[in-house]
Each structure stands twice: as structure tokens, then as C-alpha cells.
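To keep things clear, I will list the structure first and then write my remarks on it.
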Amino acid sequence: MHANKQKQDVRTSIRILQAVVLLGFFVLIIRVFQLQIIDYETYSPLSRQNSLRLEVVNPARGLILDRNGKILVENQPIYSITITPVNFNMENVPKLAKFLRMEEDSVLERIQEARDFSWQRTSRLFTEVPFEVFSDIQENIWQLPGIGHQIESKRHYPSEAIAPHVMGYLREATREEYLKSEGMRLGEKIGRSGLEMVYEDYLKGEYGTEYLQVNAYGQTLGTYGNGELNIPPEKGSDLITTLDADLQALAEKLMTGKRGGLVAMDPQSGAILSLVSAPQYDISRLAGRMDFEYWQSINTNSHTPLYNRAIAARQPPGSTFKPFMGLVGMHLGIITPETEIYNSGAYIRGRAYGDLAEPGDYDIESALTWSSNTYFFWLMDRIGSDGYLNDWADLINDFGIGPRNQIDLPFEATGIIPDSTYMNKAFGNRWGIGDLISLGVGQGLVSASPLQMAVAVSSIANNGYRVQPHLVSHIQHSDGEISYTNPMKEKIDWINPRHLQAVQKGMRGVVTEGSGRFYANLRDIEVAGKTGTAQNPHGENHGWFIAYAPVSNPQIAVAVLMENSGYGSISAAPIASLLIEQYLKGEIERSHVLNYVLNFEPKVEKEEELLQ
Amino acid sequence: MFNSQEFSWSVVFIWMALAITGLVAIYSATQGPVSQFLPSYIQENFTRQALWFGLSIVVLVAVQFTSPRTFQGVSYLFYFFVLLLMVITLFFGVEVSGSKSWLRIGPLNLQVGELMKPATILAVANYLTSRRNISAENMKTALTALAFFAAPVILLILQNETGIAVVFLALLPVMLFWSGLPYGISLLMVSPALVGYFTVLEWYWGLAAMGVITLVIFFLQRRTWLTVSSFVLGLLVVIGTEVALHQVLQPYQRARVESFVNPTLDPQGAGWNVLQAKTAIGSGGLYGKGFMEGTQTQLRFLPEQWTDFIFCVIGEEFGFFGSSLVLILFAALFLRLLHMASTHKHPFAQLVIVGVTFIYFIHFIINIGSATSVLPVIGLPLPFISYGGSAFLTNTLMLAICLNLDLYKRSFSIYR
């Protein structure tokens, strides 16, 4: 081995190795430069997306309170366990079942369903799990990759007064609604009836957003940064209703096991104190995870518990129609307060129209007090024969009977006050006076809802004002601001105070001497009212009672419809009087009347029991 | 004895700098704000590494007081002793994540395969420098040297430590090259790896690499048989790689091999690590996200971030400044060591230093190449930086031997 040759070799070899090392160094530093400097804009957002998860924070839905601040509807947390099947290891099923305190098989079944639904998306595995289960899972979530949890809320009804037909229920928005509306999320629950529906925009609040830091296992590590990117949700506005929770609770109790509707309101303002439709349904069973069996049962029940009879029933008002007949008759000049009509026991016009009042002369006051039909048959005859039918219809409409009254509830129905157009349509132009006479006593084609009758009786109580019935007095926003609803109140200008006085006297007489004297005559509250019985060709007659009290300064007006319960004086009147007693006195003294009502049973078709 | 003038302080400085960088990165990867999600044995990694660092300083100093002749003298004994340890490990070793390569000695868990590196370098260096130059005609020496490598490689494969085995296979041509194996043959030895790598990128790149290598060999050696073997071997590698990728391997296996080229083939599986590693480094930008601020690191988007992917931690948290500093430190270390080798007169010392340099270099290229997806992911730690006590200790031991050989280069005569 020649020393020089070796030295030469070492020098060349070292150059080659140095070149290899430098080549490696430059390849890597160029690569790092490319990644960190040139492609920084590509990778920086990637890392942010990786570690941040944008989560929508549901706002708390607004509360619904009664007029005294009692909570009627609030929110209750419900705890759900979620699963993302792609991240879930099936070996963890026994562990998960243990935490859930459930059978492995049923857990497996649900997991299978979630897998079938989507492999990648997170879906609810179990909703409304008990809090202990929830906190157990929350603590051990690191042992269960792919399992998550969430807290949602459902509506809760803490009050004895449930008022399902007023409050309404929530249901998931349909796909169409979701696509139509901006800012709605799939699966979001929105108001589907009642105040929940009408005031949806106020109650729902505003979504918040939260940026969460997550790790590679999808575990949430809390809010990102100091939460400076987060937008807190805005709580929904609270509705302060005009309802009186105690009165509503009593009304619901009184209507249990019956069929019909009632409305109690402040006649001066139209503020609804109580609104009940019977049979009711258990609204709490529609909250949160919906009880589908129950939903099916109330949808198919022949007594249609979802139907709001208080605002949508169409029943002939019977004799409760008479006070308004009187006022219209006097305004049209057909009668005066002094006009007397002789009742012979029946009104004869082509045929005999029966009258149960004692034979004799009746003026408007006594005709109301004793509910003489002849007076009003005669009056209707005159209206029809003298060509006043359309005027009559318009004037009756002014009381709120017939048209919608713009209550803040959905699905309010119109009533029927037939004018000539309507009659033409109904009878194909072949109708005569004989088809009109029974309208005078609120039978035949005339029909109205309890709400319409409550609005109408209010205008007698408040000396001639048409009020707009309403359930919400004001809305309290989350920032503390309050917006008041602005219900309408209009003078019905054609009503003559002298005429009104006569009618009011007659209605007071109903309670003191007439058909209302048994159940509606209170010892120290002056009540005025009118009973009515709507003929029902399909079964037992429907009973009506409209009333207001105290006569000198009316604070409550009530309209009660009791389907298939016979005379209004024995079915509807006791209920109305109990509501007046409760509202004005704060308690019920006449326990015998209360017991009578509670034990009262309507003669409904017994194919199915009435719901609670 | 210890002449501080002669001592290569710069190498020690680089070693210190790399070790401290490693500790910082390990600290960040295991003690970050959300480290409570990590198992405790990983949280303890930092403390353990710091202890190994302390122990290594002792070893580094102690080795300087040894005679350089000792390394040559004990090289065979040491080699066969470690080889015996590896056989023992195969039967009595502790299995850690699929590899039965750990031997429990008292309180320490030792990865014997690591110790095999200095043992093999010393033994092979001793053997090769006691022979004449290897010529193309006399391949017996080369084949004996091959046997020195083959034994540990087989044992490592049996222990399921293929990563370290790759290091040995890559080191062999370098040591033979330094010992005088003709350049053409040396190149032929590394050509399958190069041609295979380019074939995975694209088959025509593999063909091009084969062509270039064959041409270079022709000009270097001008031997027909060598040129023809290079051509045939290269062609076989290209065809073999293509057949393996498209016919033999299952799609998921193929995705694993190719994921460094195209991670989106299998973003949830094999491509995941590659994507996350690139994202970590790329999102570091110029200055980095700051110490313990790297989201990819702290939120565990990177697997093995205290070992195989530790470069991502540095790249993400300290940016281009941090990562290029590490690259420069390594380049400086390699060049210093190669300079050391070239200025040494004793061929044994030269070969040992070159061997050690390339042990580091192979780890360096494969580790950072994997992290930056220049290479497919082969799990190898980054010397002095990655967590791992045995590796840190043996790497330091090898460096200490190089420093020792350099320190006594005047007294370490080539004449006995």
C-alpha cells in the first residue's frame, strides 16, 4: 500500500462523503423551506381546522309566565349520549353498557342503528339518560373513543295549569322549513302550535358559536384561546301572558272529563285570563324525546284532543245569541226597549216555533231574563222580511261573532252569521223567511266559538267596546327591554247606551230570576249572564253560558261551551260561575257546586273514554 | 494526559446543543398544557431523558481517559459480547410495542440493538484495517465484512427491529467504500435502494436512476461485467418494485409505501401520519407557534412525537428558524467528524469516525426525511434529540470514542 496513493484515496473519499452529507442536508433544508415558507398558507389553515371545532351553542328558549309572574313553561336539561361510529371500537360495547346500566344487546342494537344511519356522523345513541349515567360517561369518556355527550333542553311545565292549547308544543322543523329559513339548523325544534308557534321568533333566541379545542382523539379540551372568538347565545325572550295560573288550573280541573271550550277574559282589555279546550292532552309527553305512541293516540282519538275548541269550535250559540239580537233590533229601529211582544207559547209562521217561557207580554229585558223565544223569532222575522238581513249580519259581526278576532293563537276559526250571499250559497237561492226565523234564537246556521262569545259578551260588559282577545301582555327581552303588545280596543259606535242598559238588566235578571239563578247567582258578586242550549241533531244538546261580573264594574267575562251536556243552565253556567267566584274572590265557597261540576258527566258517544 | 488544546470542543458544543434541543422538544411533547391525557409513563419521558443525558455526560468524560488502543484491542470481544447479549434478548428480552429488543438490567431497560452499532463499527473497522485494500478481484475481505453485518441484521429482524437493521445495511457500503472498495462497486451496492426509491415515486424515474447509475459505474470502473450487472440489477429492481406494488402488495400495504408521495390515497390510515407531520411542520412557518403552543403537537395529532416525529415538534413550535438550526447543527457535526477522520493518520480511527458519522447521518436522513415526507416512514429516532435512553447513551458513547481517537491522534501511532 503506497502512502501517497492512500492519502490521495482518503482525500477523494472524504470529498465524496462530504458531498453526500451536504446533498442530504440541502435536500432536507430545501424541503423544510418548501413546507414552512412556500406552503405555509396551505398548512396553517389545515392545522387550525384540525384542532378547532366550531360548535353551535343553543340558546335557552324563552319562558312563558302567567300575569303574576308564575312560570308556566320553562326549560329542563336533558342528557344525551352520542356516538360517532367510525371512531368507536366495538370491543368497548360491554364497557359502554356497564356505564349506561343497560343490557349489552340493546346497546348493540342502538349502535347498529347509528352505524346504519351514518358511519361518519355523530348521532344520538340514547337521549334523556339519567344524570348519574351522564356524569359517569362524561368522566370515563377517554376510555370510550367515539362516544360523546351533549346537554340539550326540553320544555318543562312546572305549573298546575298546563294549558296545552295555549302553550302549544314543539316539533322538529321539516326539511322544507329548514331549507327556507336562514339560520335554522336541521333537527331544530320549533313551535308547532299555540304561543310556541305564534311567538317562535321571540322565544327561540339567537344561536351562539363556540370554538372548541379538540385533540386528535376528538376529545374536547375546552374553549379555544380566551374565548374571544366565541359568540354567546342570546336567550329567547320571555312571554308574560295574561293568563291567571290559578284560574287556569281551576278551569282545567272543571273541564276534566268533559268536552267543550271556555274563555275567560278581562272585558275591559280583552286580556285572556283562562282558555281551556277539553279534552286536553298531556303536553309534557310531547316535550323532549317525543312519546310517539302517545302522539299517535291523541292524533287518532275521536274526541280530537289536539283540536282547540275554545277558538275553533263552530256551534250554534243558542239563546246566548239573544242579547245581541236585541241590540241589533233596537239599532235597526224594529224594536225599542219598551216594545212588548206577546208569547202565546209558540211563534206561528208557516209552522209553530216553540217557546218554553211562560205565556204573556215580554219586553227586551224580560225576554232575556226568561229567555222568551217568541220575541226573537218575531224580531228575526222582521229583519228578514224588511230586508235587513245583510245589515243584521254586519252588526252582529261588530260584536266579534262571525269574524276572526285576531287572538295571538294559531288556527282561530271564523263563525257563521249567514247573510244573503251565504244563504244563496247554502240553499241555492231557494230560501225563505222560514229558514231565517230560528237564527233569531241562535239556532240553525248561526255558529260561533267560545272565544267569539267571550268577545261579544265583553262588549256588553264594557259598555260597547270591541276588544281584541290576547294572551301575551308583554315580551321581556334578554337585555331587559320590554315590548308591549298593542291589542286593539274600539268603540262600537252604533250601540245606544239606553239599549245596552236594557240588555244588561235583562242579563242580570237571568242570574237573579231566570235560568241562571240555580248555579250562577253568587251571594256577594253581581253576575249578569245568559244561558243557551244549542240543538244538536247528532246527540245530546250543547250547553252555553256567557256571563260577566261584577255588574257595576265588570272585571271578568266568561263564555263556556259544554258539548253534549244538555241545558247551558245546568252544564255551562256552574262552570262559568265558579270561574267568576275564583277570580273575584280568590277561593271557592260553594263546594257543592264545585263537586257537582267535578262529577258532571256529558252524554258523549262512549266509543272511547275522554282523555285526561 | 488530557490536552484541552487538542480536544474538539466544537463537537461537544454541537452535541450539547442537540441534546438540549431534544430535551426542549421532549418537554413540549410530554409536559404540554393537555398532557394529563397522556399515560404517566410517557409524561415521565422528559425526566428519564434528562437522567440519561446526565449519565451520558459521565460516559463522555470517562471515555476521554481511556487509551485509544483499547477500542481496537477489545473490538472483537466487545462485538461478540453484544452479539451474545442480543441472542439472550431474543429469548429473555422484554417486549415493547411488538419488538423484543429490550434487556432489563437492574433498573435500566437497555435496547441491546443500539449497543450493536458501536460494537459492529469497531469490529469491522478493526477487521478491515488489518487487511489490504479491497479490490474488485479480491472480494473475500468484503464478504467477511458482510458477515460482521449480517449477524446483527438477522438478529435485529428476528427481534422485529427492522428500522435499526436498515441502518446496518446502509452502513455497510459506506465502510467498505472507505476501506477501498472500488467506487463502482460501492455505488452498485447502494443502487438498489436509490433505484427502488425513485421507482416508488414513478417507474420512469426509477429507470432514469438506473440509467444514470449504470453510466456513472461505466465511467468509474470501465468493467463490462460491472456495468452489465448494474443495468440488470437496476432493471430487476424497477420491475420488482412495480410488480410488488401493483401485484403482490394489498392496496393498503401499497398505500403505506406510497403514502409519503401521496398521503391523500389513505388519509385516515397510512397517510394520516404523513399529512399530520407535514401539517405540523408547514404550519410552523418562519417563526413557529412558540414553545408549547404547537396545536398539532399539543393536541396529539402526531404519533410518536417524542421519537420518530420529534422533528415536527421543533418545526411546528420553532418554525423554519428552529428546524434549519437543527439541520445546520447536524451538518456541522457531520462535517466536523469527517474532517476529524480525514486529518487522522490511523486507518482504524478514520474508519471508526466515518462509520459513526454515517450512523448519525442515516438516522438523520431517514428521520427527518420521514417527517417531511421525502422518504416513506421508517421508524428511526433522531440522534441526540429523540427520546430514548439507550440510543442517546450509545450515540454519545460513539461520539466519545471519536473524540477520544481525535484527542490522541498524535500518540495513536499507525506503527505498533
Side-chain angles (χ1 to χ4, degrees), chain A residues 1-3 5-7 9-53 86-87 119-120 141-142 212-222 224-225, chain B residues 33-34 37 132-133 174 177-178 180 183 186 268 272 275-276 278-286 288-289 294-296 298-303 311 315-316 319-321 323-324 326-328 330-331 334-335 337-339 341-342 344 347 350 354 357-358 361 364-365 368-369 371-374:
Chain A
M1 192 193 307
H2 195 269
K5 160 104 172 41
Q6 202 214 0
K7 204 166 192 181
D9 272 358
V10 166
R11 194 167 295 162
T12 322
S13 299
I14 214 83
R15 289 275 174 271
I16 290 172
L17 293 186
Q18 278 170 342
V20 169
V21 164
L22 284 174
L23 179 72
F25 168 75
F26 281 115
V27 165
L28 291 183
I29 204 157
I30 288 168
R31 177 61 167 169
V32 168
F33 182 82
Q34 183 203 355
L35 288 176
Q36 299 196 295
I37 308 297
I38 300 171
D39 291 345
Y40 173 70
E41 297 298 330
T42 313
Y43 292 112
S44 183
L46 270 182
S47 90
R48 226 172 305 129
Q49 286 162 20
N50 240 352
S51 57
L52 285 190
R53 189 165 65 201
V86 66
N87 297 332
W119 187 249
Q120 303 282 347
I141 202 105
W142 57 275
L212 294 175
Q213 190 101 58
V214 293
N215 66 12
Y217 314 119
Q219 288 166 320
T220 304
L221 308 170
Y224 170 74
Chain B
V34 288
F37 287 97
R132 289 190 160 273
N133 260 7
V174 176
F177 163 80
W178 188 266
Y183 293 162
S186 304
Q268 288 300 314
W272 166 263
L275 269 180
Q276 298 305 337
K278 273 163 77 172
T279 304
I281 295 173
S283 64
L286 184 58
K289 295 175 186 167
T295 50
Q296 294 281 106
Q298 301 304 335
L299 305 173
R300 307 264 87 80
F301 282 91
L302 296 166
F311 188 71
E316 186 185 24
F320 184 65
F321 279 131
S323 44
S324 52
V326 168
L327 293 178
I328 288 167
F330 271 111
F334 303 149
L335 294 177
L337 287 172
L338 286 178
H339 177 73
S342 69
H344 211 292
Q350 286 177 348
V354 166
T357 307
F358 270 80
F361 181 70
F364 164 80
I365 284 288
I368 300 182
T372 55
S373 67
V374 172

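Sequence lines set the chain letters: A, B, ... in the order given, protein chains first and strands last, and positions in each chain run from 1.
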Rounded to the nearest 0.5 Å, what separates atom CG in B:Leu338 from atom CZ in A:Arg15? 10.5 Å

When rounded to the nearest 0.5 angstrom, what is the spacing between CD in B:Gln350 and CD1 in A:Ile14? 7.5 Å

Under 4.5 Å from any heavy atom of chain A, what part of B:Phe311 do you find: side chain, backbone, both or neither? side chain

Cut-off 4.5 Å, heavy atoms of chain A, and the answer for B:Phe320 is both

Got B:Phe177 and A:Leu17 here, is their nearest side-chain heavy-atom distance under 4.5 Å? yes

Counting heavy-atom pairs under 4.5 angstrom with chain B, the leader among A:Ile37, A:Leu46, A:Asp39 is A:Ile37

Could you list the donor-acceptor pairs under 3.5 angstrom formed between side-chain atoms of residues 19-35 of chain A and any protein atom two or more places apart in sequence or on another chain?
unit_1  : atom_1 : unit_2   : atom_2 : d
A:Arg31 : NE     : B:Thr372 : O      : 2.7
A:Arg31 : NH1    : A:Gln34  : OE1    : 3.0
A:Arg31 : NH2    : B:Thr372 : O      : 2.9
A:Arg31 : NH2    : B:Ser373 : OG     : 2.8

List the atom of B:Tyr183, the atom of A:Ser13, and the distance in Å for their closest heavy-atom pair. OH-OG, 3.5 Å

Shortest non-hydrogen contact from B:Thr295 toward A:Ser47: OG1-OG, 3.9 Å

Which residues share a side chain to side chain contact (heavy atoms under 4.5 Å, CB included) with A:Glu41, sequence neighbours left out: none

Under 3.5 Å donor-acceptor, A:Gln36 side chain and B:Gly315 backbone: yes

When heavy-atom pairs shorter than 4.5 Å are enumerated against chain A, which of B:Ala280, B:Ala371, B:Gly319 gives the highest number? B:Gly319

